[in-house]
Amino acid sequence: MSTILILIPRWHPQVWHQAFVKRSINHEIRLWPDQAGDLNDIEYVCAWHPPPGVLRMLPRLKAIFSMGAGVEHLLADETLPNVPILRMTDPELTCRMTEYVTMNVLSYHRRRSLYDFQQRNRIWKPESEHRTSDVTVGMMGLGVLGLHSADMLRQFNFNVVGWSLTPKQLSFQTYHGTDGLPRFLAGTDILVCLLPLTSATRGILNLSVFRQLSRNGPLGGAYLINAGRGKLQIEADVVQALSEGSLDGAAMDVFEQEPLPSSSPLWAHPKVTITPHVAAGLPTEALVDIVLSKIEQIETTGIVSDEVDRKRGY
Ligand code: NAP
Ligand code: GLV
């Protein structure tokens with residue numbers, strides 16, 4: 001029996017608390033802040049944007065679970081105790097992200113928003129056709145999520161290229177590091193961003209990057225899909241790139257500030273598709289089960305999988 005603290009002030013803590021209680025007969029579930037009890041008991045924490053300083057108040061902590069794949073919300077706490085940080089990785093979560101990426105790549109490739117517009121205006125006007133193999137999708141981030149999405153897009157016969165921090169030997173063209181970025185961008189028609197937010201990637205989706213994208217593809221423009229993190233993008237630059245034509249459209253799941261303020265010009269932009277940070281969303285119960293099975297693994301085998309490299313920041 002372990003004692004688990006739920007520390008997710010930005011979500012609906014009671015819903016999560018109930019889901020944990022219902023599914024974990026073997027554990028004692030505590031809820032921050034009112035039902036945390038004696039902090040000396042806490043062995044595991046399930047956290048999403050925890051208030052800085054709270055985690056260091058738990059002397060018997062064995063591990064911290066990020067309730068998402070990203071961990072920048074934890075690493076931002078300078079007082080974080082030195083215990084393993086585990087991030088959310090799971091085949092179902094990965095598939096959800098691949099659905100999101102594939103849906104948006106296909107929507108742009110099949111001119112979904114143009115035909116929606118034409119339907120609303122009773123216009124019958126077929127556009128010229130092109131093949132998936134004529135379109136290059138540039139995958140920024142070749143980790144768990146990027147690689148899975150890349151594989152799916154390649155099954156549709158899209159030409160996929162990738163970019164990561166370290167060199168890769170894959171069955172498609174890849175680039176790495178700052179030196180490899182310009183060549184990666186120059187051939188990319190649809191830029192998919194599945195990077196983590198780190199000091200090196202913050203603001204990487206900026207005007208200079210958008211201007212380097214290919215505009216010679218069959219769709220006549222470049223398209224951005226960002227499901228990584230909002231602070232990877234400079235939103236004013238996205239708007240500028242859309243108005244000057246260096247971007248022909250964008251699908252955005254994540255934003256510099258969430259919820260996206262109602263004053264943001266992105267909301268009403270005809271070339272922007274917005275979702276409220278749900279690209280790889282799963283039901284609460286599914287996420288609870290993932291955490292519980294990881295705790296079970298640690299308790300029975302001592303093996304900690306999906307541990308974050310703090311130095312790298314992801
Ligand atoms: P991951 O397995 O850790 O992969 C990260 C990838 O990014 C790696 O390929 C890494 O390169 C690359 N990378 C990191 N820093 C880089 C840099 N400075 N330059 C170039 N490449 C860099 O992460 P993941 O599981 O695929 O998840 C990626 C991100 O998606 C998460 O961090 C999270 O922010 C976001 N996410 C969003 C949602 C959502 O619902 N919107 C859901 C889940 C995750 P190397 O391979 O060389 O290390
Ligand atoms: C969601 O954004 C995640 O990091 O899993």
Side-chain angles (χ1 to χ4, degrees), residues 8 10-11 46-49 65-76 85-101 103-104 138-152 160-170 172 174-185 188 191-206 209 224-233 251-256 258-260 273-284 286-287 290-291 305-314:
I8 47 174
R10 288 196 186 183
W11 290 349
C46 300
W48 186 252
H49 289 271
F65 289 89
S66 167
M67 292 309 285
V71 292
E72 77 294 340
H73 62 105
L74 293 173
L75 299 179
I85 300 172
L86 285 83
R87 65 194 198 93
M88 197 60 80
T89 55
D90 173 75
E92 267 193 296
L93 186 148
T94 302
C95 283
R96 290 290 282 168
M97 182 58 87
T98 297
E99 287 170 15
Y100 172 87
V101 169
M103 171 179 78
N104 283 295
M139 191 64 65
M140 273 185 131
L142 296 171
V144 176
L145 301 180
L147 281 178
H148 196 264
S149 286
D151 283 348
M152 178 58 75
V160 175
V161 298
W163 184 70
S164 55
L165 184 59
T166 56
K168 305 263 181 265
Q169 290 290 334
L170 298 172
F172 56 90
T174 59
Y175 304 87
H176 67 276
T178 355
D179 290 351
L181 188 58
R183 278 174 297 142
F184 163 77
L185 295 171
T188 291
L191 181 67
V192 177
C193 181
L194 287 173
L195 289 171
L197 179 65
T198 67
S199 53
T201 60
R202 186 176 292 267
I204 196 165
L205 299 175
N206 56 48
V209 156
L224 168 69
I225 299 173
N226 183 16
R229 278 290 179 268
K231 289 191 168 68
L232 295 167
Q233 75 209 0
M252 301 161 83
D253 184 60
V254 286
F255 299 90
E256 284 175 36
E258 294 180 6
L260 180 64
T273 298
I274 287 173
T275 45
H277 200 146
V278 291
L282 280 180
T284 308
L287 293 170
I290 296 167
V291 171
S305 50
D306 304 317
E307 190 175 342
V308 171
D309 180 336
R310 290 184 186 221
K311 253 204 192 134
R312 259 184 357 176
Y314 63 96

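Whatever order the structure lists ligands and atoms in, that order sets their numbers, starting from 1. The analysis underlying the following values was restricted to heavy atoms, covering all of them including side chains, and did not include hydrogens, waters or symmetry mates. What you see is a predicted model; the values in this text were computed from it and never measured.
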Can you tell me the protein heavy atom closest to [atom] and the distance?
atom                    : answer
atom 26 (O) of ligand 1 : L145 N, 2.9 Å
atom 35 (C) of ligand 1 : G228 O, 3.4 Å
atom 7 (O) of ligand 1  : P196 CD, 3.3 Å
atom 4 (O) of ligand 2  : R229 NH2, 2.6 Å
atom 21 (N) of ligand 1 : L165 N, 3.0 Å
atom 40 (O) of ligand 1 : A280 N, 3.2 Å
atom 5 (O) of ligand 2  : A69 N, 2.6 Å
atom 33 (C) of ligand 1 : R229 NH1, 3.7 Å

Looking only at atom types and distance, does a side-chain atom of [X] sit under 3.5 Å from a main-chain N or O of [Y], one as donor and one as acceptor?
X    : Y    : answer
N104 : A251 : no
T174 : G162 : no
R87  : S66  : no

Which ligand 1 atoms does [X] reach within 4.0 Å, using its non-hydrogen atoms?
X    : answer
T201 : 15 (N), 16 (C), 17 (C), 18 (N)
W163 : 19 (N), 20 (C)
A227 : 35 (C), 36 (N), 37 (C), 38 (C), 39 (C), 41 (N)
M97  : 37 (C), 38 (C), 39 (C), 41 (N), 42 (C)
A200 : 18 (N)
A69  : 43 (C), 44 (C)
G141 : 6 (C), 7 (O), 9 (O)
D253 : 39 (C), 40 (O), 41 (N)

Flag [X] as yes when one of its N or O atoms lies below 3.5 Å from any N or O atom of ligand 1, and as no otherwise.
X    : result
V278 : no
Y314 : yes
G143 : yes
L142 : yes

Would one find an N or O of [X], backbone or side chain, under 3.5 Å from an N or O of ligand 2?
X   : result
M67 : no
W48 : no
L93 : no

Does the residue [X] have a heavy-atom contact with ligand 1, meaning some pair of atoms that are separated by less than 4.0 Å?
X    : result
G68  : no
L197 : no
T89  : no
L195 : yes
R87  : yes
M88  : no

Considering only heavy atoms from C-beta outward, does the side chain of L191 approach that of L185 to under 4.5 Å?
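Touching, per the 4.5 Å side-chain cut-off.
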Location of contacts on T166 toward ligand 1, heavy atoms closer than 4.0 Å:
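Both backbone and side chain.
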Side chain, backbone, both or neither: K168 near ligand 1, heavy atoms under 4.0 Å:
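Under 4.0 Å from ligand 1, K168 contributes side-chain atoms alone.
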Atoms in ligand 2 with a heavy atom of G70 nearer than 4.0 Å
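Contacts of ligand 2 toward G70, numbered from 1: 3 (C), 4 (O).
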Ligand-side contact atoms (ligand 2) for residue partner G68, heavy atom cut-off under 4.0 Å:
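Within the 4.0 Å cut-off of G68, ligand 2 contributes 3 (C), 4 (O), 5 (O).
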Within-shell test, H277 vs ligand 2, heavy atom, strictly < 4.0 Å
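Right, H277 reaches ligand 2.
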Which residue is it: I225, L205, V192, N226? I am looking for the one with a side-chain contact (heavy atoms from CB on, under 4.5 Å) to M140.
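The residue from I225, L205, V192, N226 that satisfies side-chain contact (heavy atoms from CB on, under 4.5 Å) with M140 turns out to be L205.
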Which word best sums up how the rings of W48 and H73 line up, parallel for under 30°, tilted for 30 to 60°, or perpendicular for over 60°?
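Correct class here is tilted.
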